[in-house]
Number of protein chains: 8
Amino acid sequence: GEFAKIDHHRALRTGFPEVIWGPGKTPEQIAQIMEVMRQRNEVVMATRITPDVYSALQSKVRDVRYFGSAQICAIAPLELKPQYSGVIGILSAGTADLPVAEEAAVTAELSGFNVQRLWDVGVSGIHRLLNNRHVIEDASVLIVVAGMEGALPSVVAGLADCPVIAVPTSIGYGASFGGLAPLLTMLNSCAAGVGVVNIDNGFGAAVLAGQILRTAGKLQQR
Amino acid sequence: GEFAKIDHHRALRTGFPEVIWGPGKTPEQIAQIMEVMRQRNEVVMATRITPDVYSALQSKVRDVRYFGSAQICAIAPLELKPQYSGVIGILSAGTADLPVAEEAAVTAELSGFNVQRLWDVGVSGIHRLLNNRHVIEDASVLIVVAGMEGALPSVVAGLADCPVIAVPTSIGYGASFGGLAPLLTMLNSCAAGVGVVNIDNGFGAAVLAGQILRTAGKLQQR
Amino acid sequence: GEFAKIDHHRALRTGFPEVIWGPGKTPEQIAQIMEVMRQRNEVVMATRITPDVYSALQSKVRDVRYFGSAQICAIAPLELKPQYSGVIGILSAGTADLPVAEEAAVTAELSGFNVQRLWDVGVSGIHRLLNNRHVIEDASVLIVVAGMEGALPSVVAGLADCPVIAVPTSIGYGASFGGLAPLLTMLNSCAAGVGVVNIDNGFGAAVLAGQILRTAGKLQQR
Amino acid sequence: GEFAKIDHHRALRTGFPEVIWGPGKTPEQIAQIMEVMRQRNEVVMATRITPDVYSALQSKVRDVRYFGSAQICAIAPLELKPQYSGVIGILSAGTADLPVAEEAAVTAELSGFNVQRLWDVGVSGIHRLLNNRHVIEDASVLIVVAGMEGALPSVVAGLADCPVIAVPTSIGYGASFGGLAPLLTMLNSCAAGVGVVNIDNGFGAAVLAGQILRTAGKLQQR
Amino acid sequence: GEFAKIDHHRALRTGFPEVIWGPGKTPEQIAQIMEVMRQRNEVVMATRITPDVYSALQSKVRDVRYFGSAQICAIAPLELKPQYSGVIGILSAGTADLPVAEEAAVTAELSGFNVQRLWDVGVSGIHRLLNNRHVIEDASVLIVVAGMEGALPSVVAGLADCPVIAVPTSIGYGASFGGLAPLLTMLNSCAAGVGVVNIDNGFGAAVLAGQILRTAGKLQQR
Amino acid sequence: GEFAKIDHHRALRTGFPEVIWGPGKTPEQIAQIMEVMRQRNEVVMATRITPDVYSALQSKVRDVRYFGSAQICAIAPLELKPQYSGVIGILSAGTADLPVAEEAAVTAELSGFNVQRLWDVGVSGIHRLLNNRHVIEDASVLIVVAGMEGALPSVVAGLADCPVIAVPTSIGYGASFGGLAPLLTMLNSCAAGVGVVNIDNGFGAAVLAGQILRTAGKLQQR
Amino acid sequence: GEFAKIDHHRALRTGFPEVIWGPGKTPEQIAQIMEVMRQRNEVVMATRITPDVYSALQSKVRDVRYFGSAQICAIAPLELKPQYSGVIGILSAGTADLPVAEEAAVTAELSGFNVQRLWDVGVSGIHRLLNNRHVIEDASVLIVVAGMEGALPSVVAGLADCPVIAVPTSIGYGASFGGLAPLLTMLNSCAAGVGVVNIDNGFGAAVLAGQILRTAGKLQQR
Amino acid sequence: GEFAKIDHHRALRTGFPEVIWGPGKTPEQIAQIMEVMRQRNEVVMATRITPDVYSALQSKVRDVRYFGSAQICAIAPLELKPQYSGVIGILSAGTADLPVAEEAAVTAELSGFNVQRLWDVGVSGIHRLLNNRHVIEDASVLIVVAGMEGALPSVVAGLADCPVIAVPTSIGYGASFGGLAPLLTMLNSCAAGVGVVNIDNGFGAAVLAGQILRTAGKLQQR
Ligand SMILES: Nc1ncnc2c1ncn2[C@@H]1O[C@H](COP(=O)(O)O)[C@@H](O)[C@H]1O
Ligand SMILES: Nc1ncnc2c1ncn2[C@@H]1O[C@H](COP(=O)(O)O)[C@@H](O)[C@H]1O
Ligand SMILES: Nc1ncnc2c1ncn2[C@@H]1O[C@H](COP(=O)(O)O)[C@@H](O)[C@H]1O
Ligand SMILES: Nc1ncnc2c1ncn2[C@@H]1O[C@H](COP(=O)(O)O)[C@@H](O)[C@H]1O
Ligand SMILES: [Mg+2]
Ligand SMILES: [Mg+2]
Ligand SMILES: [Mg+2]
Ligand SMILES: [Mg+2]
Ligand SMILES: [Mg+2]
Ligand SMILES: [Mg+2]
Ligand SMILES: [Mg+2]
Ligand SMILES: [Mg+2]
């Protein structure tokens with residue numbers, strides 16, 4: 001439409017699916033954009049979709065699927081077969097960080113990547129993390145999601161030997177200031193080699209992780 | 001003097017030595033206050049004393065001693081014998097946090113407490129901490145000093161079974177914003193039971209730790 | 001369940017009851033976690049529970065009790081007998097700070113500690129505090145709760161001879177900035193020996209106070 | 001001169017002396033403005049004057065006087081006789097707040113007001129204040145100067161029955177953030193009837209206090 | 001009651017009516033406190049009362065009155081006769097600042113003071129102010145209420161020869177940051193002699209203005 | 001050189017002189033860039049040049065001139081003849097804002113525009129402004145420079161009938177927070193039609209004002 | 001009415017229509033002010049009007065029109081004929097920024113200016129902008145609207161040769177902090193000659209753009 | 001030594017050289033740590049080394065080299081042969097960002113990676129970037145360094161098809177607030193897939209970029 005200039009180039013160029021940012025759009029608008037996008041993409045997805053928006057969407061987009069824990073709607077093949085080698089390990093510090101962690105996980109899976117999940121391994125009970133070190137060791141790239149004090153990425157980066165992407169969440173209260181606290185924690189990590197994305201931006205973390213694995217693939221082909 | 005109302009009551013009541021805050025005072029002023037205070041106290045100390053202020057003080061206060069790593073000057077018995085049971089474990093995340101950690105340690109020792117030091121065990125190399133868990137286990141109260149992302153107190157509190165006092169430091173740069181980042185981290189710790197003091201306030205942490213051990217002593221006497 | 005790794009270790013190790021953070025959880029989820037936890041704990045509690053969540057919980061967890069002023073639900077013996085010596089004195093500055101102060105008080109009582117309450121003794125009417133000094137004198141550790149300008153802990157710490165835990169609240173408006181004002185006040189207290197917890201974190205203050213009394217007990221046993 | 005439009009009107013209208021803000025001006029510039037101003041004013045003053053600027057001024061302005069503790073230079077009659085009834089009580093919380101408190105005191109005296117000083121009565125040793133309540137009771141208006149946590153004005157306003165002007169100072173460190181902490185404390189005071197001025201603005205507080213006493217005088221004359 | 005320690009002393013001592021802060025209290029609680037307070041005070045008032053809370057109050061407190069534009073409920077004599085000499089001039093910059101300005105005006109009137117109102121004279125149309133200068137000239141003390149950029153108090157203080165109390169409001173959007181912008185403007189006013197209160201605190205401004213006029217009265221009586 | 005890609009296009013396209021940002025560059029570097037630039041430009045200027053940098057420059061760039069009050073060095077014809085019609089009126093609130101105001105004025109003059117200056121007309125003495133209204137009326141575009149509370153642009157925009165560019169300065173102390181206070185004031189101006197530039201950015205204001213006059217010229221030619 | 005002092009002068013003087021700020025006003029109040037204003041103005045407009053407020057307005061103001069995408073209501077001639085030469089180019093970075101961009105566009109059109117729109121040309125797909133450079137080249141003044149990172153005005157100002165007005169929007173999440181991020185971006189633009197207005201202030205941008213074109217017209221007439 | 005626990009593990013595990021953070025360390029301390037580290041590492045480096053610290057180091061560490069533009073000292077083989085395939089493209093927006101960009105470049109080269117530099121291609125002159133697109137196309141991973149408004153990474157990420165690491169710098173003034181402005185810009189980038197590091201953290205960006213290329217290598221070997 002005339003109010004939006006869809007950037008098919010980027011989707012084609014990067015191999016990522018087209019993505020719609022849900023908030024502030026009516027189900028009608030989302031449905032309309034999805035129908036336009038599906039003409040040129042195998043996978044089309046929309047993020048930050050609440051259950052009631054999904055309900056409304058169902059009657060408009062025939063085969064739309066809902067990934068509830070990730071608040072993502074998508075048009076996609078029923079079976080998602082990984083198209084890239086390597087594994088994206090995704091860790092979350094607390095149970096409440098799950099929606100953001102799942103946004104990352106489902107985005108990555110819809111984009112053709114292998115995902116390994118590890119939830120609720122925050123630093124205040126460090127053995128939960130140490131007992132699951134294989135997830136860290138097996139991953140080619142790690143996404144670490146944490147709210148409140150946001151300390152998990154620092155510890156993980158000290159144990160890992162691969163790129164670490166840190167995602168602060170707005171989970172917390174008081175001096176968390178809407179995610180500012182874990183954001184600063186992650187930016188100040190004394191473990192070098194941590195890249196930080198915006199507060200609650202599981203989607204962006206998955207895209208960056210995917211770019212890293214695709215880069216590896218391209219280097220291989222040379 | 002008339003510009004300062006020395007609060008002997010508090011020193012007597014709490015058993016802590018009289019303390020002078022160094023910044024903004026001339027060596028003359030510090031010397032003068034020290035001489036007044038020593039008339040009623042066995043131990044008199046001044047914090048945030050740079051080497052050159054100490055040099056100037058030496059010629060004015062006969063037996064003043066300098067604890068360089070802690071930037072503390074004191075009039076005190078040569079041998080400091082612990083007067084309270086229990087041990088204050090003091091941990092620092094990085095080498096650069098040492099002045100603050102030593103301020104805490106020397107304050108505690110001058111106040112009559114046992115101190116156990118453990119330096120440079122930041123979370124980005126978690127095994128340095130895990131290999132020294134005995135310090136955490138042996139302590140009756142812990143002071144944990146950290147700058148940059150300030151994540152150490154959360155991890156320690158998850159391992160410890162005693163009160164934890166967290167001290168953020170202004171060590172860092174960029175998005176550390178003068179210690180704001182570790183301060184927020186510590187306040188948002190998901191490990192309940194952590195008390196936080198002001199940025200760089202090693203002194204205050206030692207006083208709180210001391211109060212905790214003195215409380216234990218008083219309960220025993222009942 | 002697989003989305004949460006319950007940390008029984010910590011509860012066992014520290015002697016504190018298992019605690020569920022209520023916000024963002026459905027009554028069903030809270031009920032389910034409570035039932036799992038009660039299998040290994042005599043006391044199970046959930047914080048930040050509004051009356052309507054409690055109503056829904058009642059039909060799911062047979063013997064759940066509600067401490068309305070503290071917004072806490074718990075499975076616990078009807079009569080709570082203190083298991084530790086010493087008294088936790090809890091003071092609040094204003095009437096509006098009561099929910100946070102009661103969260104601290106009920107948490108402490110459910111954890112086996114003696115509590116002495118003193119409400120509405122803010123610094124703008126200092127005689128209300130001075131007329132009740134016995135509460136300060138009788139306590140082994142003090143929790144001081146205050147919103148707006150948050151000045152009460154400084155005054156109390158000047159009168160007390162025991163550890164003081166300061167809890168800023170989000171009560172206030174305008175330049176309170178959601179509790180930032182009392183938080184800064186408390187961190188900058190010129191009375192050394194004050195440990196600060198997160199805004200509205202009555203629960204964390206109670207855990208820290210309890211740790212202090214348990215430490216005293218352990219030192220006694222040596 | 002052409003770069004400055006001196007506002008003689010205001011000085012005449014308000015009865016306050018002409019005032020020069022020292023920082024960023026050379027001794028030559030200050031001397032020049034003083035000489036112009038003295039032609040129409042009995043009292044001319046300059047604030048934030050360091051000792052070395054005063055040294056340089058001495059050779060240029062014959063009869064300039066220096067009030068060192070207030071960092072004020074002035075051309076003024078040797079004996080300052082109060083021209084208004086009522087007393088401005090000025091309190092400071094700490095010794096380090098003295099320069100700001102003295103800026104207020106000397107400004108008030110140079111403007112023709114009676115001043116009663118009370119230094120170093122911060123809230124962490126509340127009896128120092130309570131033992132000097134007569135200063136509060138005798139004042140017609142109070143200026144209360146405090147850095148660090150800035151709690152003194154709240155306590156004083158609760159004891160006083162006259163207008164209270166609060167002056168936050170930049171004295172402090174860490175989470176004081178250059179005086180932001182006491183500023184917020186004072187703005188959030190739960191004792192209604194406190195007016196706040198800018199950080200370190202002893203001068204402005206004195207002008208406001210003076211306006212209050214002059215108003216009283218004018219009402220009397222009706 | 002046991003949850004609130006009513007400070008009759010202050011009301012008696014200062015001559016101001018007892019005041020209840022409405023937000024977070026049920027109509028039942030407000031009614032109950034009003035009934036207790038009226039036993040010892042001729043005027044009892046509650047602030048920040050929305051129309052529906054007033055509706056509920058009406059059936060509980062027989063003779064309660066509502067000052068809608070000020071969101072104040074009060075028990076008070078039908079005719080308010082000024083008890084102090086002098087006039088409090090109250091100015092507002094914009095129409096939207098009216099609720100805060102009226103909170104100040106009604107509080108002052110209920111406390112026995114003469115009030116002169118001047119609304120909507122913001123600095124972007126300076127002639128509206130200049131054409132009404134008599135309000136500034138006739139006042140013994142001025143309350144100036146402004147949101148958005150908050151520049152009005154500076155201009156008024158430059159024209160006035162009496163104390164000026166500045167009240168920032170949360171009216172605005174975007175970079176107003178909930179009233180932070182006008183708050184900073186007022187604190188930085190280059191017109192000395194302006195006292196600032198908290199954002200939206202019309203009540204506090206009225207109390208301070210009243211204190212100023214009462215001081216004048218007391219000085220007269222000597 | 002290879003570390004800098006000089007953007008001759010912009011200078012050619014916009015008609016503005018090439019400009020060098022002085023801070024962080026050695027006199028040698030500034031001289032070198034000036035010599036390169038002069039090959040293609042009649043006027044070359046460098047901003048934020050302190051007197052000692054100018055001294056060093058003099059021996060390296062033969063005909064460099066210094067505009068001391070503006071801290072600008074330039075290679076330029078001795079007589080600057082205006083090349084565009086219209087007048088840029090530049091107002092400053094205080095004497096201390098002069099360096100920023102002069103940076104704007106000299107930049108505009110070096111760029112070929114007529115400038116009319118009006119200094120020290122801050123809002124706390126409004127008649128200084130009202131007595132000079134002709135400057136406002138004669139201007140085609142206004143630049144208004146103010147520190148501290150930054151209220152001048154709002155008043156000016158209410159009097160003017162042309163575009164107003166507001167420049168906050170870092171002049172101030174305490175709650176000015178390095179110019180944040182006047183910046184917010186200007187962004188929140190209730191007088192619509194004010195464009196704001198960065199703190200202390202007199203240069204940018206002049207470029208914007210110049211663009212406005214050049215636009216007028218281009219429209220005329222159609 | 002007595003609560004509002006309508007500033008007809010400004011509307012007459014500047015040629016802009018009278019404007020009502022909708023938020024916080026009832027439909028009744030808006031209707032009443034509109035009716036008063038229309039007596040002296042051909043165009044009367046109200047901004048930030050939601051659809052339901054418009055519905056209520058329809059029955060009160062006979063011929064009121066609604067510009068839904070701009071959330072503007074207006075009384076205006078059906079056909080808006082441009083009254084000034086020149087074109088205001090308006091660009092938006094994202095689809096979500098449209099309401100702010102349209103507020104600017106409709107305000108400009110109602111004020112008698114030509115507008116050229118270009119939506120959804122954010123910098124992350126730079127070719128969308130480069131492919132539409134004619135809009136930049138044809139404009140006499142540009143308004144550039146952007147949320148999230150707010151980078152578009154910098155790029156546009158580098159391409160344009162006319163004044164650029166930057167409007168940050170509150171569109172974004174997390175570290176956008178309600179529009180603070182794009183606001184800072186725009187203020188720090190390294191492309192000189194960008195004037196910034198308040199967050200979401202499309203209206204103010206249009207007024208400034210209009211002032212610029214009117215200035216051009218006035219210069220022509222000389 | 002006892003004040004530092006060197007983490008040889010990490011260097012061995014990750015293949016990166018040992019790195020010393022220079023600020024706050026004396027040349028003696030740096031020399032001492034370098035000598036210890038060289039016993040187990042081929043490359044040892046220290047960052048943020050000013051020329052005079054380097055001078056002092058020269059006499060203590062025989063073969064230390066200085067990379068002046070990057071402020072890095074290192075013990076390293078004279079010829080640095082790349083040990084990994086792929087290219088790290090490094091772009092800087094302005095000349096003043098060079099020290100940070102060079103810190104990234106030299107760190108990467110000392111760690112065994114190929115680097116391609118592109119300086120001074122900020123968004124306000126977009127053709128400088130578009131004319132050098134081959135650097136973007138040839139890179140396997142990009143580091144984009146920018147101060148002031150920090151918009152470059154968004155534009156680059158829109159053009160690139162590889163991971164982008166964004167480094168905000170503290171270059172700027174006024175509303176840059178020490179690098180906060182570009183930091184927020186980068187976190188809010190509407191181009192998904194950008195990872196952000198701390199302000200001025202060129203070193204961390206290089207480590208993350210290196211981890212990405214090493215990951216590619218490891219995936220290849222499987
Ligand atoms: N959950 C998400 N978090 C961050 N960015 C997102 C998310 N979902 C979509 N986006 C971005 O939003 C863009 C689409 O915005 P729109 O055109 O408004 O639908 C996509 O290209 C993504 O870059
Ligand atoms: N009121 C409270 N304030 C702060 N932290 C709490 C509170 N209630 C529970 N918690 C913490 O939240 C954790 C449980 O979180 P969850 O697993 O999400 O239920 C507990 O271990 C406590 O540390
Ligand atoms: N110490 C001070 N604190 C605050 N404002 C001051 C102080 N000294 C002078 N001023 C103000 O600065 C103005 C003089 O500024 P100037 O014209 O630059 O010398 C006076 O009118 C006072 O309002
Ligand atoms: N509108 C108001 N703005 C600021 N403070 C108020 C206001 N109304 C009441 N207060 C203060 O709140 C106190 C009463 O609080 P409470 O005991 O919670 O009802 C009074 O003593 C006043 O100091
Ligand atoms: Mg958990
Ligand atoms: Mg180390
Ligand atoms: Mg009360
Ligand atoms: Mg003292
Ligand atoms: Mg109005
Ligand atoms: Mg002046
Ligand atoms: Mg789009
Ligand atoms: Mg450049």
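Scope of the values below: all heavy atoms of this structure, side chains included, with no hydrogens, waters or symmetry mates. Chain naming here is simple, since letters A, B, ... match the order of the sequence lines and numbering starts at 1 in each.
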Hits for side-chain contact (heavy atoms from CB on, under 4.5 Å) against A:T215, two or more places apart or cross-chain, chain-then-number order -> A:L219, H:S140, H:C162, H:P163
The side-chain contact (heavy atoms from CB on, under 4.5 Å) partners of B:R133 (sequence neighbours excluded) come to A:H127, B:L130, B:E137, B:L159
For residues 145-153 of chain B, please give each side-chain donor-acceptor pair under 3.5 Å, one per line with the distance, not counting sequence neighbours.
unit_1: B:E149; atom_1: OE2; unit_2: A:S154; atom_2: OG; d: 2.4
unit_1: B:E149; atom_1: OE2; unit_2: A:C190; atom_2: N; d: 3.1

Ordered numerically, the heavy-atom neighbours of chain A under 4.5 Å found in residues 46-53 of chain B are none
Whatever's closer than 4.5 Å to a heavy atom in chain A on B:Y173 counts as backbone
Exercise. Side chain of B:N188, backbone of A:A181: donor and acceptor closer than 3.5 Å?
Worked result: no
From the list A:T185, A:L187, A:V123, the residue making the most non-hydrogen contacts under 4.5 Å with chain B is A:T185
Go through it in stages, so that I can follow the logic: the residues are B:I126 and A:I126, the test is side chain to side chain contact (heavy atoms under 4.5 Å, CB included), and I'd like the CA-CA distance, side-chain angles, deciding distance and then a yes or no. CA-CA 9 Å; B:I126 197 78; A:I126 197 77; 4.1 Å; yes
Distance col, row A:L183:CG vs B:L184:CG, nearest 0.5 angstrom, shows 10.5 Å
